[in-house]
Amino acid sequence: MGTHSGHGRLGAGVTAGVAGLALAAWLSGRRAARGTASTEPVRAARACHRSSALLAGSVLADSAMEHERGAYANPAMYVPPLMAALVLLAGAHGGGDARPQRHRVRHAVYGGAMATGVAGTGFHLYNILKRPGRWSWHNLFHAAPLGAPMALLLAGGLGLAAERVRHGRTRVPRLLGRPAGQALGLLVGAGLLGTTGEAALLHFRGAFQHRAMVLPVSLPPLAAAALLHAAVAPPTRRPLARWLLRLVRLLGWLGMAFHTRGIARRQGGWRNWSQNLFAGPPLPAPPSFSALAVAGLAALRLREKRA
Amino acid sequence: MCADARERPRGAHGRAPDVFRRGGWVPMREYDDRDAVDFAIVGTGAGGATLACRLAELGFRVVAFDAGAWWRPLEEFASDEEHQAKLYWTDDRLCDGADPVRLGSNNSGKAVGGSTVHFAMVSLRFRPEWFKARSQLGYGADWPLDWREMWRYYARVERALRIAGPVRYPWGPHRGRYPYRAHELNEAALVLARGAEALGIRWTPTPLATLSAPRGPAHPCVYRGFCVSGCATNAKQSALVTWIPRALAAGAEIRDLAMVGRVAVDGADRATGVEYLREGRWRFQRARNVVVAGYAVETPRLLLLSATGRHPQGLANSSGLLGRYFTVHANQAVWGTMDDEIRSYKGPPSLAITEHWNYADEGKDFFGGYCYMSQGPLPVVWAVTQGGRGLWGKPLRAEMQKYNHQAGLKIVGETLPQADNRVTLADTKDAYGLPVARVTHAYCDNDRRLIAHSMDFMSRALAAAGARDLWRETDDTCHMAGTARMGDDPHCSVVDADCRSWDIRNLWICDGSVFPTVGGVNPSLTIQALALRTADRIAALAGRGEL
Ligand SMILES: Cc1cc2nc3c(=O)[nH]c(=O)nc-3n(C[C@H](O)[C@H](O)[C@H](O)COP(=O)(O)OP(=O)(O)OC[C@H]3O[C@@H](n4cnc5c(N)ncnc54)[C@H](O)[C@@H]3O)c2cc1C
Ligand code: SF4
């Protein structure tokens, strides 16, 4: 990073990441266009697209920055940001698409993202295990993060779920042989727990030095539990689960605000952004909670409609 | 903005520098010279600052003196090794003996915060058996303390300094979780790790007194590696940014640029205060108790300088041991060249450590132990090290070009306390007009065996990690201790377990001087643990009216 071109590329990478995240954020907040008589499955599918897009935005920003820091030492490191960008676009497209059919290209993108996520997890695991100390706290903290490729896997999974749900031939959409609301609820519940795991690991690394750092390891598991319960219990209205998921959705953005402040607390603060965006808490990470909450709310709605 | 910290005292007029804010000040309570304060403390390093803080927090009226300046790290610490020599105690001292020590940058500081302002932050506990080295391991002397009690005080210091350490420490009895997580390893540390794994011994990220996450107004470490030149971010948890601000908040007064030249005692063998030079004028602060915490050379020197008719050999010296048992750590290294770029100067210098030879008792032909750590010398230090090998001109230039590929392992090795290694007064006088210290030092055979063992082992480890062209740095020492040893018996020690002088009951010594043995680990954590204990003991004694 000592050179000017390095600095320029860094700036470009960060800008791309941030722009992606902003786009995804905008998408996630967008309501379905008025007047179109969307069925509940299509509504749910569009929510899943947006959720997937937001998650992908977070992965894009994060992987573009982290792999930039790793100087793209291996050409394979270009793949995740690229895939994440495609998922983001697919989500943008799917989020506005009211047709009850799957879309081939989107479908392929989501499949590709999942494959990248699996491969990435393998790469990152290899990176951990080849370092002295192998499977140790230290390498979990500082070697390639396991949670990051898994987020791409999850984004792809949510996208695929969206395609399947909207493509329902029956009145009650199904996913993996189960009612879609249930399957989606299980997927998102697991995703929330996994994301909590990553937040727990990284906040443990940060020694929970700020009180607010316990929020993302306490609230999301509660929401996940409520969602999982709603998924397996007989379908009915679940106001508690809904409120918890709404709080988690808020938490993601709140987390980003806290991370903004965390960056300001490093030496040089935001004036030294080119260092502190990397050294400080990851700006794009917390909105992945918002993304999952969006999909979780869609799952709840499906479930309430006995799907 | 401000004048040089060495020109005019900054702790004055009811305020003191706020080390966390550029140009900021915090209020400071002040005491009159004639007001007999509860404690006058000489030195504000690891021992003095910690004790000043705790005594003030326990409600005592405290004035602490330091000959050094009160720096503002955020503004005044340059990324310049030569400039930062302003932090070292470089006043004249004479060094002799068969193996004279080099005093200055690598072992003594002169600043508010003492040597901790430019120390390397390695924060280790003693191996429990070392507190009973004589009776359990057969060498040196026993400490009059129980390791379990020290273990509790270690934990308190670690919490107070937010030590960043590994989740699990591989050696010794269980210890609680370090408050902050260990720092990311640099390449130099990974070299140590690979070597250790190749030889089948354990290693760990080093517990360090520098922040791995924010702490209030203090920034986390930025891994620039200027630690032993003073930390410009306040990540380093030196006494200057930890105990001193707390002491001020609790009502202690700190006097910078205040050189104490004599501790006064009355005819009843009670200390009455200290004579000190500040702003060109000798003054006298009255005190009910005096604590000397000037480190292992200046502490005995001051007590020797304070000799009176009733105490012709110096204060607290009826045992004749004051100044004796001057003990250092052996600090030898093995260096080599790696194929890959290492850039060892990135980050704190000693990010990885193995204490294997502190805890293993088999396979040794010597008493005591050593740890070794990865290294990160800055360029000037590195060039001087090369000069020490006799390199000059072209060969020096060639060697310096390999700088980015160097990796090294360096020990902190226990040397044995010897009565003839000692601090005495010389005839020469310093700028204050006071006789300077003469420091006499020689290794014993056991020390040489330990050093040889360590160099052989580190050579194997470094080679196993892939280093070529190995060479040995044979002559360095670090840390100092022993010149006012603690013990159970007034005939064999200078102070008791509470750091209280046997001879003058309101005179205390609270710094590295009181160590009877040094173990194979850096001393600052132990010094601070002792200071915390001493503060508690003083409060307990005061509560019983036994001060
Ligand atoms: C380069 C370096 C690296 C180190 N690295 C480590 C490490 O990684 N880990 C570790 O545990 N230890 C380390 N140490 C050692 C550690 O810093 C010291 O052991 C510790 O600070 C000693 O504490 P002290 O209170 O005895 O003395 P000091 O901290 O040295 O404080 C003594 C103070 O007393 C003042 N003083 C002395 N005489 C007088 C007087 N007559 N009047 C007024 N003031 C006086 C001095 O100015 C000084 O500020 C390192 C030391 C150095 C120099
Ligand atoms: S490497 Fe960290 S502790 Fe050392 S000087 Fe830099 S910021 Fe301070």
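Naming convention: chains lettered A, B, ... in sequence-line order (proteins, then strands); numbering from 1 in each chain.
Between A:P132 and B:A193, the closest heavy-atom pair is CB-CB, 3.5 Å. Shown here for A:H142 and B:A182, the closest heavy-atom pair between the two residues is NE2-O, 3.5 Å.
Looking at B:R177, the atoms closer than 4.5 Å to chain A (heavy atoms on both sides) all sit in the side chain, from C-beta outward. With a 4.5 angstrom heavy-atom cutoff, B:R202 does not touch chain A via any of its atoms. Interface remark: A:F208 contributes no atoms to any contact with chain B (heavy atom separation under 4.5 Å). Looking at B:P179, the atoms closer than 4.5 Å to chain A (heavy atoms on both sides) all sit in the backbone: N, CA, C or O. With a 4.5 Å cut-off on non-hydrogen atoms, B:A352 does not touch chain A at all.
Remark: A:R261 CZ is loosely packed, at most 12 non-hydrogen atoms of other residues, nucleotides or ligands lying under 6.0 Å away. The 12-atom threshold is exceeded at OH of B:Y403, counting heavy atoms of other residues, nucleotides or ligands nearer than 6.0 Å. Heavy-atom neighbours of B:R156 CZ from other residues, nucleotides or ligands within 6.0 Å: above the threshold of 12. With a 6.0 Å radius and a threshold of 12 heavy atoms from other residues, nucleotides or ligands, B:R168 has its CZ atom at or below the threshold.
Under a 3.5 Å cut-off, the side chain of B:E197 and the backbone N or O of A:G133 do form a donor-acceptor pair. No side-chain donor-acceptor contact under 3.5 Å links A:R266 to the backbone of B:P214. For A:R205 (side chain) and B:R181 (main-chain N/O), no donor-acceptor pair under 3.5 Å exists by modelled atom type.
Note that the CZ atom of B:R194 and the CZ atom of A:R131 stand 8.5 Å from one another [nearest 0.5 Å].
Of residues 214-223 of chain A, not one residue has a non-hydrogen atom less than 4.5 Å from any non-hydrogen atom of chain B.
With a 4.5 Å cut-off on side-chain heavy atoms, B:V222 and A:Q275 do not count as touching.
B:E184 is linked by a salt bridge (Lys or Arg N to Asp or Glu O under 4.0 Å) to nothing, counting only residues two or more places apart in sequence or in another chain.
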